[in-house]
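All remarks here apply to the structure that follows.
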Protein chains: 2
Amino acid sequence: MAKLSIRDIAQRCNTSITTVSFVLNGKADEKRISTELKEKILKTIEDTGYKQNLFARGMRTGKTNMIGLIVEDISNAFFSAVARIIEEDAYKRGYKIIYCSTDDNTEKSKELIKLFIERNLDGYIITPPKGLEEEIQSLINNKIPVVLFDRYFPDLETDYVVVDNFNASKKAVQHLTGAGFENIALVTTSSAQTQMLERYKGYEKTIIENGKEPKILKLPYDHSAAQNVKSISAYLKKNNELDAIFFSTNYLAFQGLEAINELKLKIPDDIAVVAFDDQDFFRIYNPSITAIAQPVKDISLKLIDILLQKMESDKKPVEKVVLSTNLIVRNSSLLTRKDKLTHPK
Amino acid sequence: MAKLSIRDIAQRCNTSITTVSFVLNGKADEKRISTELKEKILKTIEDTGYKQNLFARGMRTGKTNMIGLIVEDISNAFFSAVARIIEEDAYKRGYKIIYCSTDDNTEKSKELIKLFIERNLDGYIITPPKGLEEEIQSLINNKIPVVLFDRYFPDLETDYVVVDNFNASKKAVQHLTGAGFENIALVTTSSAQTQMLERYKGYEKTIIENGKEPKILKLPYDHSAAQNVKSISAYLKKNNELDAIFFSTNYLAFQGLEAINELKLKIPDDIAVVAFDDQDFFRIYNPSITAIAQPVKDISLKLIDILLQKMESDKKPVEKVVLSTNLIVRNSSLLTRKDKLTHPK
DNA sequence: TTGAAAGCGCTAACAA
DNA sequence: TTGTTAGCGCTTTCAA
């Protein structure tokens, strides 16, 4: 069957393409098209299986009904979980999702955004790497809806959805302290993103408030997993006064567990563990791992909600959402030896 | 700055839009445009930052330079890993990826494919659920390139990339048998997809060849994780002669580990475990879990390679790729008790 | 309440 | 070797 155009529909209904277009775009009432004609057109469209040509439509309207999802790494469990929920919700509302992964690389991200802009996407959900302020600002200046998540730019007046990373870290440290651990290290990345800084600050401030000295291992972002395992392992060996580690991301926790296994340390008696960003993995692991759960569903739904609102009205005021996290205490941070307070190690 | 059109470029170069269009589409040589003029046009495009209007272009050519990635669940580690690699490679070659998750639901998949077709994507990479034969065939009939993966339709003459599931299962069972396990169960889904059937058959045939009786727990696809954990737990309790379990998917292995933990069984001495589809998780878990690793990178690159070849030429012969898997033996299937052969349990 | 027609930016057949 | 021009299918202004 040959592709039908709006002209064919008009012909079959003995009317003009204008009228069909009005009906097609829900302007039948506004334009006071007779109910009879409207029904006839609708029925013809239904019967013939006519579909609008989206190129021609886009050419006139500039709309693609597509949303760009730009994340650090789509294969990371956190981001793919967000991708899954956003997808579900966006599709229900008539939008498709194009994704890409930045690797947190500024140049790559700039390139990707440029490519996406060429595609005339209707809106963006982005986890921006450092240095993307200009590109984001430029999107905003061009009235292209953007919502950031996971991290944001404090100097930019943008919509975003993040979690309260500072207090999440604080909760983690306080929990460890309360559970009897005294030498708590932080393993984090060298990334200067807001979420990492907040996690860092939450840890540092709480440790200092507790009269302790912060102990921090910063791993370069571009190091491989194997390199990180080695670094963590070496750090643990060198600082054997440590009795707890707080990992600032899910993948660092993975790498940390590998290092701990290598050293044949027992969790939690030799070393306690708390991870940022909960996963099935942590619940199932032996011993189960205490983790800070991000409200993935809330984050995702809020993101798509804000974005669609912005897409519908450019008058929507900027919305900055900070969601709180949930510390899920498991066995990795609960001592089994009751004599621990005397520091027998 | 106002959007530039091909007309503006033509004017600035004192030439026609045709010539510019030829240069733009790499037909400068074919059309014997003078090098001088070509350079001038290229430079003007560069200087002005002119970008083609993709709607207008698409309207003429019918091309979107977008690929549809339709997987079972983008948040599953296997699929998101594939998504990651495909993305990387597609972007290098000028394509963007639109994704969606089917939940292995036939109706939903049909709906999604319909929506994607409206968008005029240039090609598709699909993990089809049962019952999608017609839709796939219709894509092929319409000369729209499609490559299936993970599973396929034996009755359809389609390109696909899968792994040798039968022999993967066989390897798993033989390894367990060789390691001294005698009562090996299979935990799988009730799904009738080829990959699941092959895993099933590989297990069954090998068990029978070994003179044993197959023991199979089939879990309905639509059951929740919690329901599955319960089912597996009940199954293990009821069949306490079992000394090994082979899980046919990564998420079933997760659920199985939860069940085993609940029952406080020790791996591998109480029960050995082998999982299909390797993950970081399995390497790090205590004890580390023996798993069948799918060659994710090879699968992904082969997929995009076949698809792009098909997009370039509709004469490309159908390619059916079956990649072999790699059984990674870890501690979950290696007995520590040497007296095991006497069945002390 | 409906229709005619302009024009969006591009490709490519045809003309020069 | 380059230019003219006819559409592609649609939205929307203006006219009836």
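Order of the sequence lines sets the chain letters (A, B, ...), proteins ahead of strands, with each chain counted from 1. Heavy atoms only: backbone and side chains are in, while hydrogens, waters and symmetry mates are out.
- Across the protein-nucleic acid pair, B:Met59 atom CE and D:dC10 atom C1' stand 7 Å apart, rounded to whole Å.
- Separating the CG atom of B:Leu4 from the P atom of C:dG9 is a distance of 10 Å, rounded to the nearest angstrom.
- Using a 4.0 Å heavy-atom cutoff across all strands shown, B:Ile17 reaches at least one base atom of the nucleic acid.
- The phosphate of D:dC10 has OP1 or OP2 within less than 4.0 Å of a side-chain N or O from A:Tyr50.
- Among the heavy atoms of the strands lying under 4.0 Å from A:Ser34 are primed sugar atoms or P, OP1, OP2 only; no base atom is included.
- Distance, A:Lys40 NZ to C:dT2 P: 11 Å, rounded to whole Å.
- For the pair A:Glu30 CD and D:dT11 C1', the interatomic distance rounds to 13 Å; values are reported in whole Å.
- Close to C:dT2, at under 4.0 Å from its OP1 or OP2, lies no side-chain N or O of A:Thr15.
- No donor-acceptor contact under 3.5 Å links the side chain of A:Arg57 to the base of D:dG9.
- Rounded to an integer number of Å, the gap from A:Ile6 CD1 to D:dT12 P is 11 Å.
- The side chain of B:Gln52 lies closest to C:dC10, out of C:dC10, D:dT11, C:dA12.
- Residue B:Thr18 is in base contact, counting any heavy-atom pair closer than 4.0 Å across all strands shown.
- For D:dG9, the OP1/OP2 oxygens have no side-chain nitrogen or oxygen of A:Lys51 closer than 4.0 Å.
- Listed pair A:Ser21 / D:dT11 meets the phosphate criterion, a side-chain N or O lying under 4.0 Å from OP1 or OP2.
- A side chain to side chain contact (heavy atoms under 4.5 Å, CB included) with A:Lys96 holds for exactly one of B:Leu112, B:Leu121, B:Ile98; it is B:Ile98.
- An OP1 or OP2 oxygen of D:dC10 is reached within less than 4.0 angstrom by no side-chain nitrogen or oxygen of A:Thr61.
- Under the 3.5 Å distance criterion, with hydrogens and angles disregarded, no donor-acceptor pair is assigned to the side chains of A:Thr64 and A:Asn120.
- In terms of heavy atoms, B:Ile113 sits closest to B:Leu132 at CD1-CD2, 3.6 Å.
- Contacts of A:Phe55 with the nucleic acid, taken as non-hydrogen atoms under 4.0 Å apart, are absent.
- The side chain of A:Asn25 contributes an N or O atom lying less than 4.0 Å from OP1 or OP2 of D:dT11.
- Nucleic acid contact for B:Lys63: none, since no nucleic acid atom lies under 4.0 Å from a heavy atom of the residue.
- In this structure, the CD1 atom of A:Ile45 is 14 Å from the C1' atom of D:dG9, given to the nearest Å.
- Of all nucleotides listed (D:dT1, D:dC10, C:dG9), C:dG9 comes nearest to the side chain of B:Ala56.
- Looking at heavy-atom distances under 4.0 Å, B:Lys38 makes no contact with the nucleic acid at all.
- For B:Ser16, no side-chain nitrogen or oxygen approaches OP1 or OP2 of D:dT2 to under 4.0 Å.
- Note: CD (A:Glu118) to P (C:dC10) measures 12 Å, nearest angstrom.
- The B:Phe22 side chain lies nearest to C:dA12 when the options are C:dG3, D:dT12, C:dA12.
- For A:Ser34 and A:Glu36, the side-chain atoms include no donor-acceptor pair closer than 3.5 Å.
- Side-chain to base pairing of B:Arg60 with D:dG7: one donor and one acceptor N or O lie within less than 3.5 Å of each other.
- One finds the CD1 atom of A:Ile306 at 8.5 Å from the NZ atom of A:Lys310 (value rounded to the nearest 0.5 Å).
- For the atom pair CZ (B:Phe79) and CD1 (B:Ile74), the distance works out to 9.0 Å, reported to the nearest 0.5 Å.
- For B:Asn53 and C:dT11, the CG to P distance is 10 Å, given to the nearest whole Å.
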